[in-house]
Amino acid sequence: MGPSLTLVDITKRYGEVVAVDSLGLEVRPGEVLGLLGPNGAGKTTTIGVICGLVAADSGRVLLDGVDLAGSAALRRTIGYCPQSLVVWDRLGCLEQLVFMARLYGASRADALRSGKALLAALGLEEKAGVQARRLSGGMQRRLNLALALVHGPRLAVLDEAEAGLDPQSRSLVRDYIRGLAGERTVLFTTHDMDEAQRIADRVAIVDGGRLLELDSPSALLGRYGEDGRSAPDLEYVFLKLTGRRLRE
Amino acid sequence: MSGRRPAAIALWASLFLRLSARELQIAALFVLFPALLAVVYSSAYGSGPASLSLRAIVVSGGPPRGTVLASALSSSSLEGEAAVTVYDSTDLGASMRALRDGAADVVIDAAAGDGAVARIYADPASAMASYAESLARAAAASAFGPARIDPEWRTSASFTKGSGGANDFLIAVPGLFVFGWTFGAMTTALIAVREIRRRTIERAVLAGARVAGMAAGLWAAQAVLGLLQAAALWAVLPLCGFPAPARPLDAVLAILVLDLVMSALATACGLATAALCSSEGVAVNLCMIFVVPLAFLSGAVFPLSSPTLFSIGGYAFSATDFLPSAPATKALELALVRGSGLASAAPAVAAATTGSAVWAIGGAALFGLRRLSARRRPSWDRH
């Protein structure tokens, strides 16, 4: 079972801008939680704080109740898939997966096994020896995801992992992420409300760095419906909560 | 992982070597450019004789200064032979004509009488001026005492068109090795900046990578590339007429040791550059802040006499005291050109090692603070 993730009163400012404002959130063990919000809502900063890439001004991040700030080893049980493509252009797919797994401490044999399994699961098996720069955009995104998961993390943090994928690839990745549930805890962000509705056990909607709602998609649809009827979809709920004003 | 340092070093070294090898233009240019420079140098200056013996005219107003200096110069030896063939003269004008006609490599005017113990005439664009000056300094030091700390015993060099040339290539070769290694700062900076710009360094941070492992891996990769570079240069030298070193084993050992030392220095400069910028274009320019002094002000490429910057406790510090490439060039000159044993070069190697270690710690620490620390590292995404 994946671990529980608890954010306690996280605040992060960039000068005058408050990116995350006293954010509290709990992700249950083995759950798939979608973190939704408009551009600039603080999603990526929140993820950066969870992964240790951004230092919060205040607050704590707990994994199974243990503060991540005090445990580098615990932090390495997190797998992070960044929003932008972060791959080594001139390394082969398997080559970079093996490198990452080994950097996390895996033996060469384990790293190879894990790398090959991921490539197969994400439809990149035939591209094992191909350098990343020679892959299509969609393949690079799948490789981006594989790099986050190659060391077998207990918590997968996926920042818009499905952005830019065609429907076939999106379906593959969606099924794969869903398949992670239980054994791992998954926190993901997306701007695709349909995807969030399909994948997530619960969704957290944030704006201005604050948590606005946290519940299952069906519960939110029921809560924000009108005239005794459920809301038509999650996007309706999202816009009702965050408004229609353009951001950034 | 962080506890298994050797594995981390091997991983990073292997990654950086593969990335370098796949940037064929950079790798080929880096590995081959000192060898190409050797060809250019030998074409320009000629390969010169197999001996560095210098034809020096000592212009003396009479004893004691000129005689003592001439005697000290005569006793300098090189590869078991006289380093300088000294001709006495009292006529500066005739000596200068001999210099211009190529009958002498250098004129040392010991009768200058303007506070300098000797005034040296040679072509500063050639290596001879600096080489002659170093011999004159050493001779003056042995004849009169510690010449370096007494302004009375200054020497100076003046440009004399058409002079010099005979042995320039031999003098320049040690500097070619050092220049090549120093340029490793550029390749290190480019690799490190690319990791930052493409954010692959984030993945390393998440995996708990530490700066020591990364820096040591870069150092190891740089040392391998440096060795290839030295091998290419070594291979081309005989074709350019460079005589085989008197003690080849000592020369090879000196190259191996100095490759490690200078690679550490280049890695440090590359990491310091990468700590301060995050685009390749800026890195190339910024890196010159390190490469130019290390290659050019140290005397590695153009032999220079380094002016005193300040004095502490009677010791005069010059720029070369802070540039490990200066003693590295000196050590290679001893082992490669002068045929001295490794033992003779050891003090210079030790000085280069100590200096490079200080630079390496500084460069790695700056990179770690700026690029691997969540609290100090600039944020890329601010959503």
Side-chain angles (χ1 to χ4, degrees), chain A residues 12 14-15 17 19-20 37-49 51-56 72-73 75-76 78-92 95-96 98-108 131 133 144 147-148 151 153 157 159 189 209 247-248, chain B residues 1-27 190-214 217 221 280 369-383:
Chain A
K12 175 66 186 177
Y14 294 112
V17 179
V20 183
N39 290 331
K43 303 185 297 295
T44 298
T45 300
T46 302
I47 280 176
V49 170
C51 296
L53 294 168
V54 175
R75 206 179 280 285
R76 287 166 59 188
I78 300 174
Y80 169 53
C81 177
Q83 176 181 319
S84 51
L85 281 174
V86 180
V87 299
W88 283 272
D89 282 2
R90 290 176 189 271
L91 288 189
E95 205 176 8
Q96 49 193 300
V98 169
F99 171 75
M100 271 315 296
R102 296 210 69 200
L103 204 56
Y104 275 99
S107 68
R108 180 158 181 80
Q131 290 184 16
R133 65 192 169 122
N144 203 33
L147 281 165
H151 62 292
V157 179
D159 196 359
T189 74
R247 311 301 167 89
E248 295 189 328
Chain B
M1 191 62 200
S2 53
R4 292 192 279 166
R5 188 77 65 215
I9 294 169
L11 264 181
W12 283 111
S14 146
L15 174 77
F16 293 136
L17 273 176
R18 275 178 285 169
L19 291 175
S20 301
R22 289 168 194 180
E23 297 273 359
L24 203 57
Q25 284 173 321
I26 293 176
L190 286 174
I191 289 174
V193 163
R194 210 160 285 176
E195 292 287 306
I196 293 161
R197 190 174 56 76
R198 292 179 180 161
R199 296 176 56 185
T200 41
I201 199 159
E202 264 185 32
R203 295 204 182 277
V205 170
L206 287 168
R210 293 183 181 175
V211 69
M214 279 186 75
E280 283 102 326
L369 278 173
R370 291 270 302 162
R371 298 302 184 195
L372 301 186
S373 158
R375 199 158 288 283
R376 292 170 191 268
R377 195 184 57 233
S379 289
W380 292 279
D381 284 312
R382 297 193 169 181
H383 297 299

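A note on names: the letters A, B, ... follow the listed sequences, proteins ahead of strands, and every chain is numbered from 1.
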Handout entry: Under the side-chain hydrogen bond (donor to acceptor under 3.5 Å, both in side chains) test, residues paired with Arg90(A) that sit two or more places apart
Key = Glu23(B)
Exercise for the section: Sequence neighbours left out, what passes salt bridge (Lys or Arg N to Asp or Glu O under 4.0 Å) with Glu95(A)? Give chain and number order. Expected result: Arg18(B), Arg22(B)
Exercise for the section: Look at the aromatic rings of Phe99(A) and Trp12(B) and report parallel, tilted or perpendicular, splitting at 30° and 60°. Expected result: perpendicular
Exercise for the section: Could you tell me whether a side-chain N or O of Asn144(A) sits under 3.5 Å from a main-chain N or O of Val86(A), the two making a donor and an acceptor? Expected result: yes
Fill in the blank from the handout: Applying a strict 4.5 Å limit to non-hydrogen atoms, the region of Leu15(B) in contact with chain A is side chain
Is it the backbone or the side chain of [X] that comes under 4.5 Å from a heavy atom of chain B, or both, or neither?
X	result
Gln96(A)	neither
Leu147(A)	both
Val17(A)	neither

